[in-house]
Amino acid sequence: MKKVFFMAIAAVGLTFASCGNKPAQAPIEEAVDSTEVALEEANAAADEVIAQLTDATDAGTIQTALETVKAKVAEFLAKNPEIAKEYLAKVQNFLAENADKIKGLVAGNAAVAGLLDTVSAIPSESVDALLNAGDALKGLGIDAASLAGKAVDAAGDAVENAKDAAVDAVKDAKDAAVDKAAGAVNDAKDKAGEAIDKAASDAKKKLGL
């Protein structure tokens, strides 16, 4: 699944490279910007849930935070598995560093303790590991294959949209160049006509006509 997803992303770059035209650079920059924005979103979401976990004083608060993690992992998997991996890894790192405190808060609640173990155990060292953790993700009610498939479809749509944008940009540039050239020719004709008229007028004046 990861290979298919990144092949789709790579196709964006190949599409623009084949155009060989400057106007096509804008969609590439937009694609890069959108990825950076998504990563910033994931990091912000991770920081937010980490803040909730930091301030937690009981199992209920921990459960609320972990339910948020479930929802965000599913959301990011549907957008881009790489972003989901980054988000989950950041949250898991916090859970590992604060394991004693958090486990102490949920010790008397088997359901929350089980949820904590499930979230902590999902492999996030790579996209492949995350997408292949089907059973662990299903324990959270997440269908990784289906969500990753949506991400691939979204990437494919992005490729097509970016390709169309690149073609339109090239066409617009050509049309603008043609219009500019036509305008220059017309200006030249007008100026030439004015010069001829002026020369004829001057000649008539000299002849007293």
Which donor-acceptor pairs under 3.5 Å do side chains of residues 98-110 form with protein atoms, sequence neighbours excluded?
| from | atom 1 | to | atom 2 | distance (Å) |
| --- | --- | --- | --- | --- |
| N98 | ND2 | F94 | O | 2.9 |
| K101 | NZ | T54 | O | 2.6 |
| N109 | OD1 | A111 | N | 3.2 |
| N109 | OD1 | V112 | N | 3.1 |

Please round to the nearest 0.5 Å and tell me the distance separating atom [atom1] of [X] and atom [atom2] of [Y].
X: I83; Y: L39; atom1: CD1; atom2: CG; value: 5.0 Å
X: L137; Y: L131; atom1: CG; atom2: CG; value: 8.0 Å
X: Q52; Y: T64; atom1: CD; atom2: OG1; value: 7.5 Å
X: N80; Y: K85; atom1: CG; atom2: NZ; value: 10.5 Å

Next on the checklist: Checking V91 against V73 for the side chain to side chain contact (heavy atoms under 4.5 Å, CB included) test, could you report, in this order, the C-alpha distance in whole Å, the side-chain angles of both residues, the deciding distance, and whether it holds?
Outcome noted: CA-CA 11 Å; V91 174; V73 169; over 6 Å; no

What residues form a side-chain contact (heavy atoms from CB on, under 4.5 Å) with [X], not counting sequence neighbours?
X: A129; answer: P123, E125, S126
X: S120; answer: L95, L116
X: E75; answer: E41, K72, K79

Next on the checklist: Once salt bridge (charged side-chain N to carboxylate O under 4.0 Å, His left out) is applied, do any residues pair with D47, and if so which ones, sequence neighbours excluded?
Outcome noted: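 Salt bridge (charged side-chain N to carboxylate O under 4.0 Å, His left out) list for D47, sorted by chain: K90.
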
Next on the checklist: Any heavy-atom pair between the side chains of L140 and L66 that's under 4.5 Å?
Outcome noted: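 No, side chains not in contact.
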
Checklist entry - Are L77 and I142 side-chain neighbours, meaning at least one heavy-atom pair lies under 4.5 Å? => result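 In short, these two side chains touch, coming nearer than 4.5 Å.
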
Next on the checklist: Is it the case that the side chain of Q63 and the backbone of L115 share a donor-acceptor pair, with hydrogens and angles ignored and the cut-off at 3.5 Å?
Outcome noted: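 Pair absent, no side-chain N/O of Q63 close to backbone of L115.
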
Item to check | Test side chain to side chain contact (heavy atoms under 4.5 Å, CB included) applied to E48 and T68, step by step | outcome: CA-CA 10 Å; E48 185 176 340; T68 297; over 6 Å; no

Please list, chain by chain and in numerical order, all residues satisfying side-chain hydrogen bond (donor to acceptor under 3.5 Å, both in side chains) with [X], sequence neighbours excluded.
X: T118; result: none
X: E86; result: none
X: N43; result: none
X: N132; result: none

Checklist entry - How far apart are the C-alpha atoms of F76 and L88, what are their side-chain angles, what is the distance that settles it, and do they pass the side chain to side chain contact (heavy atoms under 4.5 Å, CB included) test? => result CA-CA 10 Å; F76 291 139; L88 183 60; over 6 Å; no

Checklist entry - Tell me the salt bridge (charged side-chain N to carboxylate O under 4.0 Å, His left out) pairs involving residues 59-71, sequence neighbours left out? => result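 Qualifying pairs, neighbours excluded: E67-K70.
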
